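Data block below; observations after.
None of the values given here were measured: they were computed from a predicted structure.
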Amino acid sequence: MDREPGDRQPRDRDPSGRPRNARPRDGLGRPLAHGDAGQDRIPDDLVITGRDAAVLADQLLRDGRPFHAHEVLEAAWKTGPPDERDLWQGLAQIAVGLTHARRGNARGAVTLLRRGTERVQAHQGGPDRYGMDIPAVLAAGSDLAARIEQHGLDQIPLADLSPGLLAGTV
């Protein structure tokens, strides 16, 4: 069947009828045309332990793939224990802030980095969270937001947009 220009691809849906976004994405999560080769996706229905989420998100962040790290952190937020949801949501927001920075959106980067660090702050004095260095993550997020706000994105080295989460990688 030939499609006319402007015809839309039918929306992929899960078994319950909820829409899924099956479009391929580039390394920063931007949608590509159907049929284009994109980056491997994080499954929409991912269920992951806190430790596995921390390790995988750490690797994705250090590899310069903050959008994909955000998807892992979002899965941990949605499936994890209720008392950890703010932690995972804040970390996901920090990853989105890094995504905005890599895409050149300084305002979005500052907003999400600040929002994420505020949400994560309540967890910095708590128990060891899966090997994550929460104080270092907070310091890196706050420092990066301030530097972007003061100097813009042109002055930020790319390496500063790839912090880790685990102790020794931030």
Check: Does Ile156 share a hydrophobic cluster with Val137, counting links as ILVMFWY side-chain heavy atoms below 4.5 Å and allowing steps through other members?
Finding: yes
Check: With the threshold set at 4.0 Å, does a side-chain nitrogen-carboxylate oxygen contact exist between Glu149 and Arg114?
Finding: yes
Note to self: Under the rule for side-chain hydrogen bond (donor to acceptor under 3.5 Å, both in side chains), what residues qualify as partners of Arg51, not counting sequence neighbours?
What the structure shows: none
Margin query: Among residues at least two apart in sequence or on other chains, which ones pass salt bridge (Lys or Arg N to Asp or Glu O under 4.0 Å) with Glu118?
Written below: none
Note to self: Test: ring pair (Phe, Tyr, Trp, His ring centres under 6.0 Å). Region: residues 89-117. Which pairs qualify, not counting sequence neighbours?
What the structure shows: none
Notebook entry, point to check: Transitively linked via ILVMFWY side-chain contacts under 4.5 Å: Leu91 with Leu161?
Noted result: yes
Next item on the list: To the nearest 0.5 Å, tell me how far Leu158 CG sits from Leu153 CG.
Entry: 11.0 Å
Item checked: Taking every non-hydrogen atom, the tightest pair across Leu98 and Pro66 -> CB-CB, 3.8 Å
Notebook entry, point to check: Tell me, do Leu112 and Thr99 make a side-chain contact under 4.5 Å, heavy atoms counted?
Noted result: no
Note to self: Looking at Asp83, I'd like to know if its CG atom is crowded, meaning that more than 12 non-hydrogen atoms belonging to other residues, nucleotides or ligands lie closer than 6.0 Å.
What the structure shows: yes
Notebook entry, point to check: How about Ile148 and Leu113: do any of their side-chain heavy atoms sit closer than 4.5 Å?
Noted result: yes
Check: Does a salt bridge link Arg129 with Glu84, judged by any charged N lying under 4.0 Å from a carboxylate O?
Finding: yes
Note to self: Considering only residues two or more places apart or on different chains, which pairs with a residue in residues 69-98 satisfy ring pair (Phe, Tyr, Trp, His ring centres under 6.0 Å)?
What the structure shows: Phe67-His70, Trp88-Tyr130
Notebook entry, point to check: Looking at OG of Ser162 and CG of Asp63, how far apart are the two atoms once the value is rounded to the nearest 0.5 Å?
Noted result: 8.5 Å
Margin query: What's the separation between atom CG in Leu87 and atom NE2 in His123, rounded to the nearest 0.5 Å?
Written below: 5.0 Å
Check: Should Leu144 and Val110 count as side-chain neighbours, where that means a heavy-atom distance under 4.5 Å?
Finding: no
Next item on the list: Apply the test side chain to side chain contact (heavy atoms under 4.5 Å, CB included) to residues Leu138 and Ile134: give CA-CA distance (whole Å), side-chain angles for both, the deciding distance (0.1 Å), then the verdict.
Entry: CA-CA 6 Å; Leu138 291 171; Ile134 298 300; 3.9 Å; yes
Next item on the list: Any chance you could measure Ile94, atom CD1, to Leu73, atom CG, to the nearest 0.5 Å?
Entry: 9.0 Å
Next item on the list: For the residue pair Arg115 and Gln93, confirm or rule out a side-chain donor-acceptor distance under 3.5 Å.
Entry: no
Item checked: Sequence neighbours excluded, every pair satisfying side chain to side chain donor-acceptor pair (under 3.5 Å) that has a member inside residues 135-146 -> Asp143-Arg147
Next item on the list: Return the minimal non-hydrogen interatomic distance between Ala57 and Leu165, and the atom names on each side.
Entry: CB-CD1, 3.7 Å
Note to self: The criterion is side-chain hydrogen bond (donor to acceptor under 3.5 Å, both in side chains); which residues satisfy it with Thr111, sequence neighbours excluded?
What the structure shows: none
Next item on the list: Rounded to the nearest 0.5 Å, what's the gap from CD on Gln124 to CG on Asp133? Could you check?
Entry: 10.5 Å
Check: Should Glu71 and Glu74 count as side-chain neighbours, where that means a heavy-atom distance under 4.5 Å?
Finding: no
Checklist line | Contact summary for Ala95 and Leu61, nearest pair of heavy atoms | finding: CB-CD2, 4.3 Å
Next item on the list: Can you measure from CG (Asp86) to CD (Gln121) and round to the nearest 0.5 angstrom?
Entry: 12.0 Å
Notebook entry, point to check: Got a donor-acceptor contact below 3.5 angstrom from the Asp58 side chain to the Gly164 backbone?
Noted result: no
